Amino acid sequence: MNDYLIITLIVLLYFSPVFYQLYLLLKERKEENKKLLKRLLRFTKYSFLVLIFTGIVFGILSHTNYLNYQKPMTFDKYDQITFQNFRGLEFFKKSLYGNERFAYVVTSIESEIDDNSVTVQSLFYPSRSFVYKKNTNSTELLTHEKYHIKITELFARKAKQEISDLKTFDENKIKGIIKDVESKERAFQKEYDYNTFHSYVLSEQKRYEKEVDSLLTSLNQYKNPKIIIDDKN
């Protein structure tokens, strides 16, 4: 059943006695029921406020687990990453296609443009990444998720390569390059998950590992996050 439908049913069930009493009071419309009606409406108002607050808290923690927060990690920390770093919370989704061997990783390409330099780097977000069982010993699953991090780093380097080829410092062109690379990175991530079936198709997983490693090595000169752009004209 859809998670949002379950939440809606729980809320309706919680308020069903209130709705029923409200219906009876409105139906009878007796003078002595006015005080009770006011109390009922006051209870309903405060209950909705509590539910809204609870919903906001759940939404924030679903996005980023601030109860067990770890700041984003740069690619130079790649070898240190284990499932213990996957600190995100997932309140509803507990399996993938019925299998509890399930995780997901959140990454991004971050950039900062200065007067004559650009900083572009890939980040891994521990407190937004999730694994159903932290004590899982599945090296295949961990490898699959970590290659998502490598893919993000690969496209960060591609962005730096394109920016380095610019003859003049053009902020609009730089922003355009980064936006285009981010779009291509997202498409590649989806293709990677689809073709490997989230690590279950071993032959495809190995093919992607080889391809990504080879491309990263070929772009080693763009490992440094910061690149200086000198006008060449």
Side-chain angles (χ1 to χ4, degrees), residues 59-66 68-88 103-131 142-196 207-233:
I60 292 171
L61 292 178
S62 293
H63 182 270
T64 303
N65 181 11
Y66 290 105
N68 188 17
Y69 184 76
Q70 182 180 0
K71 68 179 183 179
M73 299 173 70
T74 50
F75 189 72
D76 57 304
K77 307 289 195 308
Y78 178 84
D79 292 333
Q80 303 173 19
I81 297 171
T82 69
F83 274 138
Q84 295 304 313
N85 298 107
F86 286 56
R87 303 184 180 193
Y104 60 77
V105 65
V106 177
T107 63
S108 73
I109 297 173
E110 297 298 317
S111 60
E112 183 178 344
I113 302 173
D114 293 319
D115 291 336
N116 70 329
S117 67
V118 183
T119 300
V120 182
Q121 62 182 345
S122 62
L123 293 177
F124 158 64
Y125 295 85
S127 295
R128 294 173 61 188
S129 301
F130 172 82
V131 61
L142 179 59
T143 297
H144 174 82
E145 297 305 326
K146 289 183 70 173
Y147 264 83
H148 279 292
I149 300 171
K150 280 194 172 185
I151 289 169
T152 305
E153 172 64 17
L154 169 62
F155 280 87
R157 292 185 188 184
K158 286 187 175 186
K160 284 178 279 188
Q161 180 186 35
E162 289 189 43
I163 293 169
S164 296
D165 290 338
L166 293 175
K167 290 183 172 60
T168 59
F169 187 92
D170 188 321
E171 186 170 342
N172 290 329
K173 284 186 178 180
I174 293 169
K175 288 180 178 179
I177 288 171
I178 294 171
K179 185 177 180 180
D180 181 60
V181 167
E182 286 176 334
S183 177
K184 290 177 179 177
E185 184 259 347
R186 287 191 294 270
F188 193 92
Q189 297 278 23
K190 290 179 181 178
E191 176 193 293
Y192 168 60
D193 267 338
Y194 179 81
N195 288 336
T196 63
R207 180 177 72 82
Y208 272 97
E209 289 175 19
K210 185 177 180 180
E211 178 184 349
V212 171
D213 285 340
S214 176
L215 290 170
L216 275 173
T217 301
S218 70
L219 296 171
N220 260 345
Q221 68 188 98
Y222 302 104
K223 285 171 63 174
N224 193 322
K226 190 171 186 177
I227 50 178
I228 307 296
I229 302 175
D230 293 319
D231 286 349
K232 300 172 185 177
N233 289 333

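For reference, positions follow the sequence shown, starting with 1. In this text the structure is predicted, and so the values were computed from the model without any measurement.
A donor-acceptor pair under 3.5 Å is formed between the side chain of Ser127 and the backbone N or O of Gln70. Under a 3.5 Å cut-off, the side chain of Arg87 and the backbone N or O of Arg128 do not form any donor-acceptor pair. Distance alone, capped at 3.5 Å, is enough to place a donor-acceptor pair between the Ser129 side chain and the Val106 backbone.
Between Thr119 and Glu112, the side chains place no donor N or O within less than 3.5 Å of an acceptor N or O (distance only, hydrogens not considered). A donor atom on one side chain and an acceptor atom on the other are found under 3.5 Å apart for Thr107 and Thr152. At a cut-off of 3.5 Å, with distance as the only test, no side-chain donor of Asp170 or Thr168 sits close to an acceptor on the other residue. Using modelled atom types, one finds no donor on one side chain facing an acceptor on the other under 3.5 Å when comparing Tyr208 with His144. In the model, Glu162 has no side-chain atom that pairs as donor or acceptor with a side-chain atom of Tyr222 under 3.5 Å. Under the 3.5 Å distance criterion, with hydrogens and angles disregarded, a donor-acceptor pair is assigned to the side chains of Tyr125 and Ser108. Neither side chain, Asp193 nor Tyr104, offers a donor N or O lying under 3.5 Å from an acceptor on the other.
In terms of heavy atoms, Phe169 sits closest to Ile113 at CZ-CG2, 3.6 Å. When all heavy atoms are compared, the tightest approach of Pro126 to Pro72 is CD-CA, 4.0 Å. What you find for Ala156 and Ser122 is that their closest heavy atoms are CB-N, 4.1 Å. Residues Ile177 and Ala159 approach most closely at CG2-O, 3.9 Å, considering heavy atoms. Nearest approach of Lys160 to Asn224, heavy atoms of both residues: NZ-O, 3.3 Å.
Cation-pi check for Lys77 over Phe124 is not met; the charged atom does not lie both under 6.0 angstrom from the ring centroid and within 45 degrees of its normal.
In this structure, Phe155 has its ring center closer than 6.0 angstrom to the ring center of Phe188.
For the pair Ile174 and Ile229, the minimum side-chain heavy-atom distance is below 4.5 Å. When side chains are defined from C-beta on, Asn85 counts as touching Thr82, because their heavy atoms get closer than 4.5 Å. Side-chain contact between Leu219 and Leu154 is present, with at least one heavy-atom pair separated by less than 4.5 Å. Looking at Glu171 and Lys175, their side chains come closer than 4.5 Å, going by heavy atoms from C-beta outward. The shortest side-chain heavy-atom distance between Lys226 and Val118 does not fall under the 4.5 Å cut-off.
Under the rule for a salt bridge (charged side-chain N to carboxylate O under 4.0 Å, His left out), the partners of Asp180 that lie at least two apart in sequence or sit in another chain are Lys184.
Within 6.0 Å of OH on Tyr78 lie more than 12 heavy atoms contributed by other residues, nucleotides or ligands. Remark: Asn220 CG is packed, more than 12 non-hydrogen atoms of other residues, nucleotides or ligands lying under 6.0 Å away.
Ile151 CD1 to Gln189 CD: the interatomic distance, rounded to the nearest 0.5 Å, is 4.5 Å. A distance of 12.0 Å separates OG1 of Thr74 from CD of Glu110, quoted to the nearest 0.5 Å. Interatomic distance, Met73 CE to Asp76 CG, rounded to the nearest 0.5 Å: 8.5 Å. Considering CD1 of Ile109 and NZ of Lys179, their distance stands at 14.0 Å, rounded to 0.5 Å. The structure places NZ of Lys146 at 11.5 Å from CD of Glu209, a figure rounded to the nearest 0.5 Å. Interatomic distance, CD of Glu185 versus NZ of Lys190, reported as 10.5 Å (0.5 Å rounding).
In summary, Asp213 and Lys150 engage in a salt bridge, as defined by a charged side-chain N under 4.0 Å from a carboxylate O.
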Go through the steps for Gln161 and Arg157 under the test side chain to side chain contact (heavy atoms under 4.5 Å, CB included), then give the verdict.
CA-CA 6 Å; Gln161 180 186 35; Arg157 292 185 188 184; over 6 Å; no

With side chain to side chain contact (heavy atoms under 4.5 Å, CB included) as the test, would you mind laying out the steps for Leu216 and Lys223 before giving the verdict?
CA-CA 9 Å; Leu216 275 173; Lys223 285 171 63 174; over 6 Å; no

